[in-house]
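Below you'll find the structure, written out as structure tokens, and then a few comments.
Please read all numbers here as calculations on a predicted model, not as lab measurements. What you see below is based on every heavy atom in this structure, not just the backbone, and it leaves out hydrogens, waters and symmetry mates.
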Amino acid sequence: MTTKTTMKNDTGFFGHPGGLSTLFFTEMWERMSYYGMRALLVLYMTASMQENGLAITVASATAIYGLYTGAVYFMGLPGGWIADRLLGGQRAVWYGGIVIMCGHIVLAIPGDHTFFIGLILVVLGTGLLKPNIGAMVGQLYSSEDERRDSGYTLYYMGINIGSIIGYFVCGYLQTNMGWHWAFGAAAVGMGLGLIQYRITLPKLETVGQIAPQPLSPKATRVSWGVIVAFLVALALVSFSIMTGLLTINPVSIAQNVAIGITAIFCIYYAAIFFFSNLNGDEKKRLLALLLVCIASICFWAGFEQAGSSLNLFGRDLTDRMIGTFEIPAAWFLSANSIFLVILSPFFAALWINLSKRMINPSYGFKSALGLIIMATGFIVMFFAAQFAASGLKVAPYWLIATYFLHTVGELCLSPVALSAVSKLSPKRMAGQMMGVFVLTYSIGNVVAGLLAGNFDPEKPAEMPDLYMQITLFSIAIGIVIFLLALKTRKWEKLAEKPEDDHPGAVIDANEPIKQN
């Protein structure tokens, strides 16, 4: 049996356990397939029949996009539970990857019905694969292993490399071969990831091999029955929609889903706050964390315009010609991943150097800063939209500048927010709080789709005011969070006190903490 000591002596992948290479390349190819397809969704749905698109209105297409990206994050919650209780991480990643590949294969088949079936399969597969492959990265290291942080850095590098490959390959194929060739390329990418995963699986040894918190045989049967019932119900609803028995309004559904997920977030957060036997210090830390959660929702609602409204701006209102070569619209989205690869080491060094100088901004301040910097990207788009409203196609550097500012904002907020969840949550509830925090991604993505529905490239005169509204709202929320963070900063420092020193903080040593 593999022990953490054995893993510590394993330096087969750039000084890290060999199992990291298995997870690195699997995630790289999965992200290639996900981001490559994500860049095309709104473009394909809004393209005319003559362009072999679906000719869906901008409002409906962006609402569907928001529902899709929001569902990907939301399904990570049951996906993590299935791995923890039923399958184990290794099998969850394997089966999830197979479902994702099948989804891309279905997308590659021309047809309205196959498109939506493919999206559903990708959502289900990603929900099973994404949280569990990230959890297994952490399980490669013991709690004392100092390589953990740099291991996650390598892992996230794989994510960004995969997304860059996806944007360029799928974007090129869409422009030169057609939509469904690009969707097929995403299937090939996931297939390559599955092949290397299976070949190199022994490197993981026992990590994720079994469910860490298995259910009893009876509970297992009941759970599988519920899962099968859910899939059957999903299939029946999908069949009813496709045959016209059930008519839906994507915008209305997105609005209701946003309200529903927000309600779940608020109820769960309140239940933990009021009914979990927390002491005063723990409650103050959760209030400090709530600021980070609010910033995260607002941030992703703006940031995720990249795949929707900004994507449409790049296709219809940007001059994409360089000589005789036309830049595929999807390529603009790669700017975020490229900037992440370039800037991540600088930001990591920045926080370390500030800490050495005893300058350590609070989580709330960093989150507010990230939100405000993201908002400045829409100031750039305000001026770009004014040129577009005058009938001109704007230069590509407007979008590139926007993506640069959004990336800087992401580096200020996203990794900091994850660290805040880990540090400020009561230790005995770390897994639950990470699950609750993931809901902020889901809410932000659905809201992003609803906001993007207002940005119709056919009505460029309306865009400057809409971009300015997003800017002012985001900056206002950022300022409020910053002012409140002046109060909650000292509450964050309470996390540095040993939790078992707090009255009421009773931890069951036999209960493993779930990692998501």
Side-chain angles (χ1 to χ4, degrees), residues 73 149 152 156 261-262 265-266 269 272-273 282-306 336 339-340 343-344 346-355 359-379 404-426 430 433-445 447-448 451 470-496 516:
Y73 288 109
D149 288 350
Y152 268 108
Y156 284 118
I261 300 176
T262 302
F265 171 83
C266 293
Y269 210 100
I272 291 175
F273 189 86
E282 290 172 328
K283 287 186 175 182
K284 288 178 180 178
R285 282 156 44 195
L286 281 185
L287 288 174
L289 181 59
L290 183 60
L291 290 183
V292 178
C293 292
I294 294 171
S296 178
I297 292 171
C298 296
F299 177 86
W300 295 112
F303 182 89
E304 282 298 330
Q305 297 302 310
N336 171 244
F339 286 137
L340 276 174
L343 297 177
S344 290
F346 293 100
F347 272 81
L350 172 65
W351 302 133
I352 292 173
N353 288 328
L354 285 177
S355 181
I359 304 173
N360 190 16
S362 68
Y363 290 125
F365 174 82
K366 291 176 182 176
S367 298
L369 180 63
L371 181 58
I372 292 171
I373 292 174
M374 183 276 295
T376 62
F378 288 107
I379 296 178
F404 173 80
L405 291 168
H406 283 192
T407 302
V408 173
E410 180 183 3
L411 287 168
C412 287
L413 182 141
S414 185
V416 166
L418 291 172
S419 176
V421 177
S422 176
K423 187 173 182 180
L424 299 180
S425 300
M433 289 308 302
M434 186 60 75
V436 172
F437 180 74
V438 168
L439 292 179
T440 67
Y441 299 159
S442 190
I443 297 168
N445 275 265
V447 172
L451 287 175
I470 293 180
T471 300
L472 295 176
F473 177 79
S474 300
I475 290 177
I477 295 295
I479 291 173
V480 171
I481 291 173
F482 170 75
L483 294 175
L484 292 174
L486 297 176
K487 173 69 174 177
T488 62
R489 176 181 174 83
K490 59 184 178 182
W491 296 349
E492 293 178 6
K493 293 184 179 297
L494 297 173
E496 297 170 6
N516 269 330

Checklist line | Interatomic distance, Ile477 atom CD1 to Cys298 atom SG [nearest 0.5 angstrom] | finding: 5.0 Å
Check: What distance separates Met374 CE from Leu405 CG, expressed to the nearest 0.5 Å?
Finding: 11.0 Å
Note to self: Let me confirm one number: the OG1-CZ distance from Thr407 to Phe303, rounded to the nearest 0.5 Å.
What the structure shows: 6.0 Å
Checklist line | Ser344 side chain reached by Tyr156 side chain, heavy atoms, under 4.5 Å | finding: no
Note to self: Using ring centroids (six-membered ring only for Trp), state whether His406 and Phe299 fall under 6.0 Å.
What the structure shows: no
Notebook entry, point to check: So, the side chain of Ser367 versus the backbone of Gly364: is there a donor-acceptor pair under 3.5 Å, distance only?
Noted result: no
Next item on the list: State, to 0.1 Å, how close Arg285 and Ser425 come at their nearest heavy-atom pair, and which atoms those are.
Entry: NH2-O, 3.4 Å
Note to self: Taking Val292's backbone N and O only, do any of them form a donor-acceptor pair with Ser296's side chain (distance below 3.5 Å, no angle check)?
What the structure shows: no
Next item on the list: Flag the pair Phe482 / Ile372 as yes when at least one side-chain heavy-atom distance between them is below 4.5 Å, and no otherwise.
Entry: no
Check: Which heavy atom of Glu304 sits nearest a heavy atom of Ala448, and at what distance?
Finding: CB-CB, 3.7 Å
Checklist line | Residue pair Gly370 / Cys412: nearest heavy atoms and the distance that separates them | finding: CA-CB, 3.7 Å
Notebook entry, point to check: Heavy-atom distance under 4.5 Å between the side chains of Ile297 and Val447, does that happen here?
Noted result: no
Check: Looking at SG of Cys266 and CD1 of Ile443, how far apart are the two atoms once the value is rounded to the nearest 0.5 Å?
Finding: 7.0 Å
Next item on the list: Report yes if some heavy atom in the side chain of Leu289 is under 4.5 Å from a heavy atom in the side chain of Met433; otherwise report no.
Entry: yes
Check: Phe339 vs Phe404 aromatic rings, parallel, tilted or perpendicular, using cut-offs 30° and 60°?
Finding: perpendicular
Checklist line | Student check: side-chain heavy atoms of Leu286 and Tyr269 closer than 4.5 Å | finding: yes
Notebook entry, point to check: What closest approach, in Å, do Gly478 and Ala368 show between heavy atoms, and which atom pair accounts for it?
Noted result: O-CB, 3.3 Å
Note to self: Restricting to non-hydrogen atoms, name the atom on Ala417 and the atom on Phe437 that form the minimum distance, rounded to 0.1 Å.
What the structure shows: CB-CZ, 3.5 Å
Next item on the list: Nearest 0.5 Å please: distance from the NZ atom of Lys487 over to the CG atom of Leu287.
Entry: 11.0 Å
Check: What distance separates Ile481 CD1 from Leu486 CG, expressed to the nearest 0.5 Å?
Finding: 12.5 Å
Note to self: Looking at Ser414 and Glu410, would you say the former's side chain and the latter's main chain have a donor-acceptor pair under 3.5 Å?
What the structure shows: no
Margin query: Classify the ring geometry of Trp300 against Tyr441: parallel below 30°, tilted from 30° to 60°, perpendicular beyond 60°.
Written below: perpendicular
